[in-house]
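Structure, as structure tokens:
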Protein chains: 2
Amino acid sequence: MAYRKTERVEARLADNRQRILDAARALVSEGGWAEAQVSHVASAAGVATGSVYRYFPSKADLFVEVLSVVSQREVDVLEAIADNDDLPFQTLHAAVSAFVERAMRNRRLAYALIAEPCEKEIDEARLVYRHAISKQIMRIVKEGQEHGDFRTDLDPNIAATVVVGGFMESLIGPLSPFNADFDGSGKQDAEAVHALAGQIADVCCAAVAQYNNVTSFKSNQRRQQ
Amino acid sequence: MAYRKTERVEARLADNRQRILDAARALVSEGGWAEAQVSHVASAAGVATGSVYRYFPSKADLFVEVLSVVSQREVDVLEAIADNDDLPFQTLHAAVSAFVERAMRNRRLAYALIAEPCEKEIDEARLVYRHAISKQIMRIVKEGQEHGDFRTDLDPNIAATVVVGGFMESLIGPLSPFNADFDGSGKQDAEAVHALAGQIADVCCAAVAQYNNVTSFKSNQRRQQ
DNA sequence: CAATGAAATGAATTATGGTTCACTCACTGA
DNA sequence: TCAGTGAGTGAACCATAATTCATTTCATTG
């Protein structure tokens with residue numbers, strides 16, 4: 001009879017795969033792409049270098065999966081925010097703030113996944129998730145345009161792209177490992193991050209909102225509620 | 001008596017250096033960073049591989065200089081635009097449009113310099129010029145805030161960063177060598193590029209403008225002039 | 001036109017790090 | 001128990017490209 005994996009083995013295999021993925025993510029989280037070497041991943045996961053290739057066809061595939069898992073969670077968070085029934089302005093603000101705050105919670109990883117130079121194949125995978133993020137932002141923008149809160153003279157696709165590029169770019173400085181502004185991780189730090197997220201979100205919202213001057217916006221808010 | 005370079009030799013050396021720089025830029029313009037190999041540069045410039053190292057200490061130094069020359073010109077263009085005395089809204093619009101249109105004129109090069117994955121050292125040089133660009137945009141933003149055309153509740157640094165990230169990001173798609181939308185380079189193409197630049201600039205301006213709804217903005221414009 | 005200093009050459013060297021593979025070992029099923 | 005299967009190993013291999021350097025060629029000076 002043919003060889004068949006028992007459940008026990010199946011579980012061990014799955015566990016190995018997961019350990020390799022976890023080790024890979026941990027390494028990127030600590031040292032960025034420079035640390036992300038197959039041999040390092042292997043020892044961190046407690047397996048031999050060659051074993052990594054039993055689970056992943058190549059280094060790029062491994063790290064693309066790491067990036068996918070982490071990025072997909074962010075897309076899901078944005079989707080959930082986009083799904084709620086708040087006013088589009090508040091929704092967009094919440095989406096951008098959430099993204100920024102979540103990124104700042106694991107700066108090194110976020111920096112690697114968003115901005116750090118890396119191999120082509122991984123970089124291409126980034127684009128996929130940028131698109132996915134942009135799509136969620138665009139949903140909010142379109143909703144806002146239909147709702148009357150957002151300007152209708154802007155192309156929603158371009159507006160969403162600018163917004164995504166905008167908050168990504170403004171994250172790069174704060175995320176950068178060379179920037180010491182947000183290292184304490186104390187309470188002060190959390191507040192500083194919150195303030196930063198708010199300011200970035202303000203600019204993003206301003207880009208699409210119908211009424212930008214404070215008085216008009218406030219009356220607009222009241223009118224809508 | 002000690003050896004002394006004649007003018008003739010001096011000129012030839014300077015010419016060699018320039019030819020190497022030009023060849024390097026041409027190669028990046030054609031094939032991006034993949035073509036940007038020292039040996040390729042050497043043959044394109046009509047010298048031997050080793051000779052490149054008489055003029056530049058390393059590959060990275062060579063290409064950083066290529067990037068610097070090209071990028072500095074863009075910074076200068078923005079500076080000139082920021083210097084003029086138009087209304088801040090028009091100035092910002094012109095700056096963003098100009099950047100987008102100029103980038104689209106040499107797509108492959110712009111793509112390489114802005115977005116294509118490349119070595120760390122070159123990538124770091126990119127940051128320097130992003131900062132320089134952001135600085136010019138910030139000047140316009142601040143002027144607009146003082147002038148009363150732009151919202152004063154936004155942090156000018158963050159606003160400028162978001163704007164720069166926004167138009168850079170929205171360029172990536174159109175610049176990408178895999179995107180066939182803007183290949184013809186005919187008259188239609190020029191118009192499409194112009195339209196794109198206008199739309200991107202609209203979004204960027206909206207992000208900082210005091211009055212976004214069309215009627216208020218128009219009256220605002222009239223009032224200011 | 002020697003003699004000397006500098007530039008040019010490009011094949012060989014080096015560095016990096018992903019990938020392979022011949023082998024060992026543990027697990028499976030009869 | 002034991003033949004068969006496939007997972008695990010890690011040192012060797014390979015690919016890529018930057019960099020070096022012994023040698024040659026060219027320019028300058030007395």
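What's counted below: heavy atoms across the whole structure, side chains too, no hydrogens, waters or symmetry copies. Within every chain, numbering begins at 1; the chains are lettered A, B, ... in the order of the sequence lines, protein sequences first and strands thereafter.
Residue A:S51 places its side chain closer to D:dT9 than to any other of D:dT19, C:dA8, D:dT9. With distances taken from any side-chain atom of B:R54 to the nucleotides D:dA7, C:dA8, D:dA18, the minimum falls on C:dA8. Nearest to the side chain of A:T49, among D:dG8, C:dT19, D:dT9, sits C:dT19. Taking every side-chain heavy atom of B:Q37 into account, D:dA18 is the closest of D:dA18, C:dA8, D:dG8. Between C:dA8, D:dG8, D:dG10, one nucleotide has an atom nearer to the side chain of A:A48 than all others, and that is D:dG10. Nearest nucleotide to the side chain of B:Y53, out of D:dA7, D:dT19, C:dT19: D:dT19. The side chain of B:V47 approaches C:dT9 more closely than any other nucleotide in the set D:dA7, C:dA7, C:dT9. Of the candidate nucleotides C:dA8, C:dG18, C:dC27, C:dC27 has the atom nearest to the side chain of A:R12.
Here the P atom of nucleotide D:dG10 and the NE2 atom of A:H40 are 15 Å apart, to the nearest Å. The NZ-P distance, from B:K120 to C:dT16, rounds to 13 Å in whole Å. In this structure, B:K59 atom NZ and D:dT20 atom C1' are separated by 17 Å, rounded to whole Å. Computed from coordinates, the B:Y55 OH to D:dT19 C1' distance equals 18 Å when rounded to whole Å. Regarding B:R19, its CZ atom lies at a distance of 12 Å from the C1' atom of C:dA8, rounded to whole Å. Rounded to an integer number of Å, the gap from B:L62 CG to D:dA18 P is 10 Å. When rounded to the nearest whole Å, the span between CD1 of A:I20 and P of D:dA7 equals 13 Å. Following rounding to the nearest Å, A:N16 (CG) and D:dG6 (P) show an atom-to-atom distance of 17 Å.
Exactly one of A:R17, A:R12, A:R19 qualifies for a side chain to side chain donor-acceptor pair (under 3.5 Å) with A:D15. That residue is A:R19. Under the side chain to side chain contact (heavy atoms under 4.5 Å, CB included) rule, B:P156 has a single partner from B:K142, B:R139, B:E143, which is B:K142.
When each of A:G50 and B:E119 is assigned the nucleotide of DNA chain D with its nearest heavy atom, A:G50 is the one assigned upstream, toward the 5' end.
Using modelled atom types, one side-chain atom of B:E116 and one backbone atom of B:W33 make a donor-acceptor pair closer than 3.5 Å. At distances below 3.5 Å, at least one donor-acceptor pair connects side-chain atoms of B:R107 with backbone N or O atoms of B:S176. Using modelled atom types, one side-chain atom of A:Q37 and one backbone atom of A:A34 make a donor-acceptor pair closer than 3.5 Å.
Nucleic acid contact class of A:F56 (heavy atoms, under 4.0 Å, all strands): none. Here A:S39 lies out of heavy-atom contact (under 4.0 Å) with every strand.
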